[in-house]
Number of protein chains: 2
Amino acid sequence: MQIAILLYPGTTALDAVGPYEVLSRMPDADVRFVGTETGPLLTDGGALLLGVTHTLAETPAPDLVLVPGGTTTPTTMVDKEVLAWLRSVHETTTWTASVCSGAVILAAAGILKGQPATTHWAAMGPLRLMGATPRPDERIVQTSKIVTAAGVSAGIDLGLWLVGEIAGRELAEAIQLTIEYDPQPPFDAGHTSKASEPVRKRAKQLLDERTAFKQTLVKPRIAWNRLIDFVRTGK
Amino acid sequence: MQIAILLYPGTTALDAVGPYEVLSRMPDADVRFVGTETGPLLTDGGALLLGVTHTLAETPAPDLVLVPGGTTTPTTMVDKEVLAWLRSVHETTTWTASVCSGAVILAAAGILKGQPATTHWAAMGPLRLMGATPRPDERIVQTSKIVTAAGVSAGIDLGLWLVGEIAGRELAEAIQLTIEYDPQPPFDAGHTSKASEPVRKRAKQLLDERTAFKQTLVKPRIAWNRLIDFVRTGK
């Protein structure tokens with residue numbers, strides 16, 4: 001099956017690579033990294049380049065499309081080429097999936113309207129603004145062929161879940177064993193409900209520093225688009 | 001602090017990207033991806049390109065060096081330039097770390113001689129052959145400034161552990177929250193002790209298919225090197 005993972009400048013690397021590491025181990029997986037043009041893209045940590053090997057135009061009908069998040073999702077949320085491609089491929093996909101704030105991009109394309117979905121805890125507000133119904137306590141949310149995962153590392157869980165659905169539990173477990181996914185986090189602060197108040201503040205600050213550099217000008221445009229949409233459709 | 005993550009053709013992407021996603025979120029982290037030459041490298045899944053931004057020669061004294069695994073570790077294990085660089089930088093690192101079969105590369109450089117260490121479950125034999133003492137039931141093994149992690153996804157746990165040591169628990173927990181590392185694997189087959197016999201067989205088969213294509217000619221050379229070493233040093 002053809003699996004298209006969207007990349008854009010500022011993608012969070014683990015959002016894309018976690019599910020890739022799982023999905024690419026399915027024996028019939030034909031995975032490609034797609035974007036508006038081929039070539040290297042800088043991920044949001046500022047040090048890692050990932051390669052786009054196929055353009056969106058070269059990839060008109062993937063069986064599975066996966067949208068990762070990133071610090072630049074507001075920019076991608078108003079990229080007409082990306083949104084049109086997502087709407088178009090979603091018509092024929094078997095699965096349409098997102099990790100982290102990738103859900104907000106799917107929502108901006110109109111794919112999550114009125115649907116329950118999850119995303120990174122810091123992106124629940126934008127997800128609601130774009131017309132989806134946030135499920136902040138769920139790591140994976142599925143409705144029909146749409147499946148959204150929580151922040152960053154949740155893409156690994158999503159990848160295994162998808163393999164289970166696509167190819168059955170035995171293969172999913174075998175892949176889990178090949179990547180030795182037997183997580184033993186040395187701390188237990190991975191969900192907002194588990195982290196202390198100082199840790200939550202520090203995490204928010206880390207995110208703000210990472211996202212501040214280029215979002216300021218884009219957000220008003222998203223609000224405009226959303227309000228115009230509301231006036232035109234009444235929802 | 002300067003953090004150098006080694007890349008080579010056939011690196012397993014998540015081995016490198018898991019710890020990167022964690023370590024790069026430390027406010028004073030200066031992370032670089034290093035290799036024998038700059039440019040794109042194809043990872044072992046055959047679809048994802050990662051970028052080497054700095055050569056080994058340009059990176060003579062990183063504070064932290066991290067060696068990921070891959071299907072081509074036997075090739076890297078006999079790469080004299082890589083081994084010489086590892087031996088050299090290890091003299092002045094604060095931390096020398098590996099994920100997955102990256103430990104076997106560290107061992108080939110002579111850095112793990114007589115030391116307890118962990119690696120991917122399928123690489124415990126090679127690790128022992130190279131003179132280290134495998135600890136197959138531990139996810140992270142530390143002795144002085146050397147720290148090795150188990151297969152592929154264990155690099156995320158390692159990254160958090162390292163941040164805890166380097167910058168303290170509060171920052172490590174804040175980073176865990178930013179990447180929402182609250183793992184909820186849909187299956188529980190991530191360690192050989194937990195997977196059924198058919199799942200273990202299937203996983204072995206998946207790994208063999210992934211590694212078969214270019215290892216055949218390299219392994220005898222490693223055995224030669226190891227035996228010559230044994231004859232010369234008596235251990």
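Sequence lines set the chain letters: A, B, ... in the order given, protein chains first and strands last, and positions in each chain run from 1. Only this structure's heavy atoms are used, side chains among them; waters, hydrogens and symmetry mates stay out.
- Contact of A:T43 with chain B is made through the side chain alone, with heavy-atom distances under 4.5 Å.
- Between A:R139 and A:S153, the side chains place a donor N or O and an acceptor N or O closer than 3.5 Å (distance only, hydrogens not considered).
- Nearest heavy atom pair, residue A:L207 against residue A:H120, reads CD1-CE1, 3.6 Å.
- For a residue to count as touching a neighbouring chain, one of its non-hydrogen atoms must lie under 4.5 Å from one of that chain's; by this rule A:A13 touches chain B with backbone and side chain alike.
- For chain A, the option among B:R25, B:Q176, B:K204 with the highest count of heavy-atom pairs below 4.5 Å is B:Q176.
- Looking at A:I175, the atoms closer than 4.5 Å to chain B (heavy atoms on both sides) sit in the backbone and in the side chain alike.
- Only the side chain of A:I156 comes within contact range of chain B, with heavy atoms under 4.5 Å apart.
- Using a 4.0 Å cut-off between a side-chain N of Lys or Arg and a carboxylate O of Asp or Glu, A:K194 and B:D182 qualify as a salt bridge.
- Chain B forms more heavy-atom pairs under 4.5 Å with one residue of A:S196, A:P186, A:A195 than with any other, namely A:P186.
- Among the candidates B:P183, B:G45, B:G51, the residue making the largest number of heavy-atom pairs closer than 4.5 Å to chain A is B:P183.
- A:R128 and A:T133 form no side-chain donor-acceptor contact under 3.5 Å, judged by distance and modelled atom types alone.
- For chain B, the nearby part of A:T53 is the side chain; its heavy atoms alone come within less than 4.5 Å.
- Highest contact tally toward chain B, considering only A:G18, A:P185, A:P27, is held by A:P185 [criterion: heavy-atom pairs under 4.5 Å].
- One finds a salt bridge joining A:E21 and B:R210 here, because a Lys/Arg side-chain nitrogen approaches an Asp/Glu carboxylate oxygen to under 4.0 Å.
- Interface remark: of the candidates B:V31, B:T192, B:D188, B:D188 forms the most heavy-atom pairs closer than 4.5 Å to chain A.
- The minimum heavy-atom distance linking B:T119 with A:E180 is given by the pair O-OE1, 4.1 Å.
- If you measure heavy-atom distances from A:Y181 to chain B, the contacts under 4.5 Å come from both the backbone and the side chain.
- Contacts between A:L206 and chain B at a heavy-atom distance below 4.5 Å involve the side chain alone, from C-beta outward.
- The residue among A:L158, A:V22, A:D30, A:L49 with the most heavy atom pairs within less than 4.5 Å of chain B is A:L49.
- Ranked by heavy-atom pairs under 4.5 Å with chain A, the list B:H191, B:R202, B:E170, B:Q184 is led by B:Q184.
- Proximity to chain B is absent for every atom of A:P40, based on heavy atoms less than 4.5 angstrom apart.
- Judged by distance alone, the side chains of B:T118 and B:E138 never bring a donor and an acceptor atom under 3.5 Å apart.
- Of the N and O atoms on the side chains of A:T94 and A:K145, not one donor lies less than 3.5 Å from an acceptor on the other residue.
- At a cut-off of 3.5 Å, with distance as the only test, a side-chain donor of B:T96 or B:T93 sits close to an acceptor on the other residue.
- Scanning all heavy atoms of the two residues, the minimum distance from B:V89 to B:P62 falls at CG1-CD, 3.6 Å.
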